[in-house]
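Just the heavy atoms: all of them, side chains too, but no hydrogens, waters or symmetry mates, feed the values below. As the structure is a prediction and not an experimental result, all values here were calculated from the model.
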Amino acid sequence: MKVFISYGDAADQVTALRLQALGAVNGLTVYVPPAYTRQGLATLLDPDAAQKLNEAEVVLGVVGAGLTEACRQEFNAGMLLHKHMIVMSYPAFVPLLQPSFGPNLVVIDPDKPDQAESGIMQYLKTINAQQNAKKALLFLGTLALGLFIMAPSD
């Protein structure tokens with residue numbers, strides 16, 4: 001199973017790379033775009049990222065520290081390609097993401113992790129995907145939830 005992890009800001013790359021390592025250990029092929037793609041104002045989707053996004057079966061979005069144009073472009077491309085997607089976000093970014101990603105958005109509130117977990121499960125019930133895609137999303141979503149909750153707060 002090929003997974004593309006789009007992350008919001010360079011600071012979110014740590015979470016994305018940890019998810020990549022955990023996914024790889026569990027038999028998933030996981031691509032995380034390099035940090036330089038999050039610098040400056042991207043006008044076009046990075047060609048390597050675009051190729052990996054096209055090859056992926058599942059897209060996981062991680063937005064904890066910010067939302068860059070590159071990330072927004074990856075999310076939009078994933079939607080246009082009809083990829084199985086789930087975007088996990090801290091509450092502060094929900095107003096920016098909700099209009100575009102509606103049911104694909106799971107809010108991660110470290111004070112209410114049960115709501116995020118039920119959001120992941122609700123999303124999985126609504127998508128028409130192969131069982132292995134659902135398992136990959138559940139696995140990575142649960143890991144991301146744990147990483148968000150365990151992250152040190154500022």
Supply the atom-to-atom distance Leu28 CG to Ile5 CD1, rounded to the nearest 0.5 angstrom. 9.0 Å
Heavy atoms, side chains only, cut-off 4.5 Å: are Val30 and Leu19 in contact? no
Could you check if a side-chain atom of Asp46 sits within less than 4.5 angstrom of a side-chain atom of Tyr36, using non-hydrogen atoms only? yes
Tell me, do Asn54 and Gln51 make a side-chain contact under 4.5 Å, heavy atoms counted? no
What one should report as the nearest heavy-atom pair of Tyr7 and Thr68 is O-OG1, 4.5 Å
In Å and rounded to the nearest 0.5 Å, what is the CE to CE distance from Met85 to Met79? 6.0 Å
Which one of Leu60, Asn104, Leu105 satisfies the side-chain contact (heavy atoms from CB on, under 4.5 Å) criterion with Ile86? Leu60
Give me the ring orientation class for Phe4 and Tyr31: parallel if the planes are under 30° apart, tilted from 30 to 60°, perpendicular past 60°. tilted
How many angstroms lie between atom NZ of Lys52 and atom OG of Ser6, to the nearest 0.5 angstrom? 15.5 Å
Nearest heavy atoms of Ala56 and Val3, plus distance in Å: CB-C, 4.3 Å
Exercise: identify the closest heavy-atom pair between Gln73 and Leu44: OE1-C, 3.1 Å
Taking Pro34's backbone N and O only, do any of them form a donor-acceptor pair with Thr37's side chain (distance below 3.5 Å, no angle check)? yes
For Asp12, does its backbone N or O pair with a side-chain atom of Asp9 as donor and acceptor, under 3.5 Å? no
Quick one, Met88 with Val62, criterion side-chain contact (heavy atoms from CB on, under 4.5 Å). Give me CA distance, side-chain angles, the key distance, then yes/no. CA-CA 5 Å; Met88 303 182 77; Val62 176; 5.5 Å; no
If you measure from CD1 on Ile108 to OG1 on Thr15, what distance do you get to the nearest 0.5 Å? 10.5 Å
Euclidean distance, Phe101 CZ relative to Arg72 CZ, rounded to 0.5 Å: 7.5 Å
For Glu55 and Lys2, work out which heavy atoms get closest and say how close. O-CD, 3.8 Å
Any non-hydrogen side-chain atom of Phe75 less than 4.5 Å from a side-chain atom of Leu67? yes
For Ala11 and Ala65 the tightest heavy-atom approach is CB-CB, 3.6 Å
State plainly whether the residues Glu74 and Arg38 are in salt-bridge range, i.e. N to O under 4.0 Å. yes
Between Leu45 and Ala77, the two heavy atoms sitting closest are CD2-CB, 4.0 Å
